[in-house]
Amino acid sequence: MSASNLATANSSVTKRSLGLAGLAAFGACAACCALPLLAAAGVGGGVLSTVAGYIRPGADLVVAGVVGVGVLGAFALRARRTASAAGCNGVCAIDAGCGCEASGNRSIFASAEPSANEPIVCTAYLQDKPTLEANMDGYRAAFAQLLRTERGVGGFRWVFEPRAELDAELRRLAENEHQCCGFFKFEVWAADDEIVWQTTADARAASVLEEFSQLPARLSKIARGQDLAPIKQSVSAAGLVFAADAAPRNSMRG
């Protein structure tokens with residue numbers, strides 16, 4: 001998935017880091033200015049006098065600049081290490097294109113990359129009520145283990161608490177979704193004590209992607225056996241076209 005810059009909140013250059021760098025630079029400048037005065041006053045003995053002898057006009061500004069840049073560099077290094085340690089478990093990793101291959105995660109399912117200009121079309125045969133209801137039952141069972149939803153630029157993640165057979169269930173659901181919604185990219189993997197489902201898409205499908213991310217909340221309001229029309233209406237309003245509304249079943253793929 002191609003993505004833009006990380007969110008500002010995750011940037012290593014923040015107001016806090018700039019403020020601390022400024023304080024450090026000011027302190028370094030003040031120390032340089034104070035050394036000759038302290039040496040003249042006899043504080044610190046010969047060592048301080050020797051050090052003060054190396055200080056030339058303008059050296060305080062150079063030292064202040066070096067210290068300030070050094071502090072900013074330390075913050076940047078710390079932020080990079082934190083992001084690396086987080087692996088693929090945070091929203092910023094979605095923005096950076098991090099997927100199931102990172103940090104030794106165990107891949108459960110990964111769909112092919114969508115083709116260029118893939119139509120925003122669902123080819124599911126909605127008149128097959130038993131199959132559709134079985135699919136929704138699978139989601140209901142999986143969402144019972146849902147810990148949180150994470151959003152990033154161009155994608156979202158459902159993060160699940162692992163349980164027996166959840167791997168297979170999520171794989172089945174992701175495969176079914178990929179067959180009917182080829183404009184999405186699906187990845188499912190196991191990371192530490194969590195199972196992650198990631199869905200991404202290009203900007204053309206942003207509204208449909210956002211609507212799909214809300215499936216846990218939407219489905220929680222519809223009891224088993226009830227009409228799923230509200231879900232269809234919401235994704236249709238977001239821009240998803242259902243091929244079944246315009247073509248016979250044998251003309252659809254998947």
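Quick note: numbers below take in every heavy atom, side chains included, and nothing from hydrogens, waters or symmetry partners.
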Within a strict 4.5 Å, meaning less than it, do heavy atoms of the [X] and [Y] side chains meet?
X: R140; Y: I222; answer: yes
X: I195; Y: L170; answer: yes
X: V159; Y: L146; answer: no
X: P216; Y: W158; answer: yes
X: T123; Y: F242; answer: no
X: D167; Y: F109; answer: no
X: R218; Y: P230; answer: no
X: F212; Y: F156; answer: yes

Which distance, rounded to the nearest 0.5 Å, do you find between the [atom1] of [X] and the [atom2] of [Y]?
X: N176; Y: Y139; atom1: CG; atom2: OH; value: 7.5 Å
X: E211; Y: I231; atom1: CD; atom2: CD1; value: 9.0 Å
X: L173; Y: N135; atom1: CG; atom2: CG; value: 5.5 Å
X: Q198; Y: R157; atom1: CD; atom2: CZ; value: 4.0 Å
X: E177; Y: F184; atom1: CD; atom2: CZ; value: 8.0 Å
X: Y125; Y: L132; atom1: OH; atom2: CG; value: 12.0 Å

Which atom of [X] lies closest to which atom of [Y], heavy atoms considered:
X: A201; Y: F183; result: CB-O, 3.9 Å
X: E194; Y: P162; result: CA-CD, 4.0 Å
X: A238; Y: S207; result: O-CB, 3.3 Å
X: A141; Y: R163; result: O-NH2, 3.5 Å
X: A174; Y: V188; result: CB-CG2, 4.0 Å
X: L228; Y: M136; result: CD1-CG, 3.5 Å

Would E150 and R148 pass as an ion pair if we require N to O under 4.0 Å?
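Looking at E150 and R148, the cut-off is met.
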Assess the residue pair L240 and V121 against the criterion (side-chain contact (heavy atoms from CB on, under 4.5 Å)); give the C-alpha distance rounded to whole Å, side-chain angles, the decisive distance to 0.1 Å, and a yes or no.
CA-CA 6 Å; L240 181 63; V121 173; 5.6 Å; no
Carefully, step by step, assess S115 and E118 under the rule side-chain hydrogen bond (donor to acceptor under 3.5 Å, both in side chains).
CA-CA 5 Å; S115 60; E118 182 78 23; 2.5 Å; yes
Using the side-chain hydrogen bond (donor to acceptor under 3.5 Å, both in side chains) rule, pick out the option among R171, R172, Q179 that qualifies with E175.
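Exactly one candidate clears the test, R171.
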For the pair [X] (side chain) and [Y] (backbone), establish whether a donor and an acceptor sit closer than 3.5 Å, ignoring hydrogens and angles.
X: S220; Y: A217; value: yes
X: S213; Y: E210; value: yes
X: D202; Y: R204; value: yes
X: K185; Y: P114; value: no
X: E133; Y: P130; value: no

What pairs of residues pass the salt bridge (charged side-chain N to carboxylate O under 4.0 Å, His left out) test when at least one of them lies in residues 225-235, not counting sequence neighbours?
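Every pair satisfying salt bridge (charged side-chain N to carboxylate O under 4.0 Å, His left out) with a residue in residues 225-235: K232-D245.
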Please evaluate residues L215 and F143 with respect to the criterion side-chain contact (heavy atoms from CB on, under 4.5 Å), reporting the C-alpha separation (whole Å), side-chain torsions for both, the decisive distance (0.1 Å), and the verdict.
CA-CA 9 Å; L215 183 60; F143 291 151; 3.9 Å; yes
By ring-ring contact (aromatic ring centres under 6.0 Å, His included) - contacts of F160 (at least two apart)
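With neighbours one apart ignored, the set is empty.
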